[in-house]
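After the structure tokens below, expect a handful of questions from me.
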Amino acid sequence: MYALGNEFGRRTTVDEVFDRLHADIVTLKLEPGTRMSEVEIAGQFNVSRQPVREAFIRLSNMKLLEIRPQRATLVRKISQSHIMNSRFIRTAVEIEVIRRICASKMDMDSVSFDENLKRQKQCVESMNVDDFHDLDYEFHHLICRAGDAEFAFDTIAGNKAHLDRLCMIQLSSQPALSEVREDHAEIYDLLKKHDETGTIKLIRHHLGRLDQTFNAARESHSDYFED
């Protein structure tokens, strides 16, 4: 998964701990409900408890950890309200970025988009789920770059973890990955044509798949969800 380190590029011990724990939570290596101990994590990283405590606070602010004073810290279970809030924010941001791209009439970075979609296809064929989710992340980052809206992707990234956990549960079959990849290819084709109406309609459809995904994931992994 992509590292989320600090915005100035200087890597700190807190960044290292945060990025590793964030990745493990998002990829479900740390399952919802897992107990977390500052002492144990500090031992795993061979660091003091202070950077672990700071990493825990950052993860708590993202609603990925539940810090309970005098009790064990828990990996938070998946919340429907967090999922829907994240989708709302992402939809609103991406629609504005699409409008910006289509209004600009600027050429897009076809090399990067083509390479990304090619690698997505390879991941579908080889069922490389982790790399596919990274490429999905990168694809939407490329859209923001095409709209000269890097700042917009920061907002998407900050609200993406809850969606990522859901996708790791349910979008791990070849048909599901193929469906997402086909959406991406069509979104790119419409953006190249500066088809604002068509692209926005497809983005809404693409993110609207979340409803079915959520219901299926909650049915198959009910213990992962808090509501």
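All of these numbers come straight from a predicted model, not from anything done at the bench.
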Using a strict 4.0 Å threshold on nitrogen-to-oxygen distance, state whether Glu179 and Arg209 make a salt bridge.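 Salt bridge flag = yes for Arg209 with Glu179.
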In one Ile/Leu/Val/Met/Phe/Trp/Tyr side-chain cluster, 4.5 Å: Ile57, Val14: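 Looking at the clustering, Val14 is in a separate group from Ile57.
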Are any side-chain N or O atoms of Arg218 and backbone N or O atoms of Ser222, one a donor and one an acceptor, separated by less than 3.5 Å?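 Pair absent, no side-chain N/O of Arg218 close to backbone of Ser222.
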Look at Asp195 together with Lys201 and state whether they make a salt bridge at an N to O cut-off of under 4.0 Å.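 Looking at Lys201 together with Asp195, the answer is no, because their closest N to O distance does not fall below 4.0 Å.
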First locate atom CG of Asp136, then atom CG of Asp164, and finally report the distance between them rounded to the nearest 0.5 Å.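 CG of Asp164 is found 8.0 Å from CG of Asp136.
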Check whether Lys192 reaches the backbone of Met108 with its side chain - one donor and one acceptor, N or O, closer than 3.5 Å.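 Side chain of Lys192 to backbone of Met108: no pair is present.
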Using every non-hydrogen atom in the two residues, find where Arg165 and Ile25 come nearest and quote the distance to one decimal.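 Answer, listing the atom of Arg165 first, then Ile25: CD-O, 3.3 Å.
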Give a yes or no on whether the ring-centroid distance for Phe56 and Phe18 is below 6.0 angstrom.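 So the answer is no for these two rings.
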Give a yes or no on this: more than 12 heavy atoms of other residues, nucleotides or ligands lie within 6.0 Å of atom CZ of Arg68.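 Atom CZ in Arg68 is crowded, with more than 12 foreign heavy atoms closer than 6.0 Å.
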Say you draw a straight line from CG of Asp131 to CD of Gln120; how long is it, rounded to the nearest 0.5 Å?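 That separation rounds to 11.0 Å.
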For the pair Met127 and Phe132, evaluate side chain to side chain contact (heavy atoms under 4.5 Å, CB included) and give the outcome as yes or no after the intermediate values. CA-CA 8 Å; Met127 275 303 296; Phe132 183 89; over 6 Å; no
Donor-acceptor check, side chain of Asn128 to backbone of Val124, threshold 3.5 angstrom: yes or no?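 No, Asn128 side chain to Val124 backbone: no donor-acceptor pair under 3.5 Å.
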Mind telling me whether His82 and His162 have parallel, tilted or perpendicular rings, with 30° and 60° as the class edges?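 Rings of His162 and His82: tilted, 30 to 60°.
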If you take all heavy atoms of Ile203 and Ile187, which pair is closest and at what distance?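 The pair with the smallest heavy-atom distance is CD1-CD1, 3.7 Å.
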As a quick check of understanding, evaluate salt bridge (Lys or Arg N to Asp or Glu O under 4.0 Å) for Arg58 and Asp19, giving each step before the final call. CA-CA 10 Å; Arg58 287 169 63 178; Asp19 286 345; 5.3 Å; no
State the OG-CG distance between Ser178 and Asp183, to the nearest 0.5 angstrom.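 So the gap between those two atoms works out to 10.0 Å.
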Worked verdict on Glu66 versus Arg76 for salt bridge (Lys or Arg N to Asp or Glu O under 4.0 Å): CA-CA 6 Å; Glu66 179 183 356; Arg76 287 193 67 161; 5.3 Å; no
Ignoring hydrogens and geometry, is there a side-chain-to-backbone donor-acceptor pair from Arg100 to Gly147 under 3.5 Å?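 Confirmed, Arg100 side chain pairs with Gly147 backbone.
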Parallel, tilted or perpendicular: which one describes the rings of Phe225 and Phe214, with boundaries at 30° and 60°?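 The rings of Phe225 and Phe214 stand perpendicular, inter-plane angle above 60°.
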With side chains defined as the heavy atoms from C-beta onward, is the minimum distance between Arg90 and Asn85 less than 4.5 Å?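 A side-chain contact under 4.5 Å is absent here.
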Would you sort out whether Glu54 and Gln50 count as a side-chain hydrogen bond (donor to acceptor under 3.5 Å, both in side chains), showing the intermediate values? CA-CA 6 Å; Glu54 291 182 32; Gln50 184 60 34; 3.1 Å; yes
Suppose we call two aromatic rings close when their centres sit under 6.0 Å apart. Are Phe139 and Phe113 close by that rule?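 When the ring centroids of Phe139 and Phe113 are compared, they turn out to be within the sub-6.0 Å range.
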Glu226 to Ser79 - nearest heavy-atom pair and separation: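 Minimum heavy-atom separation between Glu226 and Ser79: OE2-CB, 3.4 Å.
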Of the non-hydrogen atoms in Leu190 and Leu202, which two are nearest, and what is the gap between them?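 What the structure gives for the nearest pair is CD1-CD2, 3.9 Å.
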Given side chains that start at C-beta, do those of Leu64 and Val75 come closer than 4.5 Å, heavy atoms only?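 No, every pair of side-chain atoms sits at 4.5 Å or beyond.
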Would Ser110 and Tyr188 count as a side chain to side chain contact (heavy atoms under 4.5 Å, CB included) here? Give the steps. CA-CA 9 Å; Ser110 59; Tyr188 174 50; 3.2 Å; yes
Do other residues, nucleotides or ligands put more than 12 heavy atoms under 6.0 Å from the CD atom of Gln212?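 Counting other residues, nucleotides and ligands, CD of Gln212 stays at 12 neighbours or fewer.
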Assess whether side chain to side chain contact (heavy atoms under 4.5 Å, CB included) is satisfied between Leu166 and Gln80, documenting all intermediate values. CA-CA 10 Å; Leu166 183 65; Gln80 182 176 13; over 6 Å; no
Any side-chain heavy-atom pair of Leu30 and Met36 under 4.5 Å: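 Touching, per the 4.5 Å side-chain cut-off.
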Are side-chain heavy atoms of Leu117 and Arg181 found at a separation under 4.5 Å?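 Yes. Closest side-chain heavy atoms under 4.5 Å.
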Nearest 0.5 angstrom please: Thr91 OG1 to Leu207 CG, how far?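 The OG1 atom of Thr91 sits 4.0 Å away from the CG atom of Leu207.
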Within this structure, what is the CG-NZ distance for the pair Leu177 and Lys121, rounded to the nearest 0.5 Å?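 So the CG of Leu177 and the NZ of Lys121 are separated by 14.5 Å.
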Identify the two heavy atoms, one from Pro51 and one from Ser48, that lie closest to each other, and give their separation to 0.1 Å.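 Closest heavy-atom pair between Pro51 and Ser48: CD-OG, 3.1 Å.
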Are any non-hydrogen side-chain atoms of His184 and His206 less than 4.5 angstrom apart?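 SC-SC contact between His184 and His206 confirmed.
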Do Ser37 and Thr73 touch side chain to side chain, with heavy atoms closer than 4.5 Å?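 Heavy-atom side-chain distance check fails, nothing below 4.5 Å.
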Pairwise distance CD(Glu94) to CZ(Arg204) - rounded to 0.5 angstrom: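 One finds 11.5 Å between CD of Glu94 and CZ of Arg204.
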Any Lys118 side-chain heavy atom under 4.5 Å of Asp114 side chain: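 Side-chain contact under 4.5 Å: no.
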Classify the angle between the aromatic ring planes of Phe153 and Tyr137 as parallel (below 30°), tilted (30 to 60°) or perpendicular (above 60°).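 Rings of Phe153 and Tyr137: perpendicular, as their planes differ by over 60°.
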Distance-only, no hydrogens or angles: does the Asn46 side chain make a donor-acceptor pair with backbone N or O of Ala42 under 3.5 Å?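 It does not hold such a pair.
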For Asp109, does its backbone N or O pair with a side-chain atom of Ser112 as donor and acceptor, under 3.5 Å?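 Flag not set: sc Ser112 to bb Asp109 has no pair under 3.5 Å.
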Under a 4.5 Å side-chain heavy-atom rule over Ile, Leu, Val, Met, Phe, Trp and Tyr, are Ile83 and Tyr224 clustered together?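 Result: yes, single cluster for both.
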Could you go through Thr34 and Leu74, starting from their C-alpha distance and side-chain angles, then the distance that decides it, and tell me whether this counts as side chain to side chain contact (heavy atoms under 4.5 Å, CB included)? CA-CA 6 Å; Thr34 299; Leu74 300 177; over 6 Å; no
Contact summary for Ile101 and Ile143, nearest pair of heavy atoms: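 The pair with the smallest heavy-atom distance is CD1-O, 3.3 Å.
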Would you say Thr13 and Phe45 make side-chain contact, with heavy atoms under 4.5 Å?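 Counting from C-beta outward, Thr13 and Phe45 never come under 4.5 Å.
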List the steps, then state whether salt bridge (Lys or Arg N to Asp or Glu O under 4.0 Å) holds for Asp130 with Lys29. CA-CA 12 Å; Asp130 286 348; Lys29 291 176 183 175; 5.1 Å; no
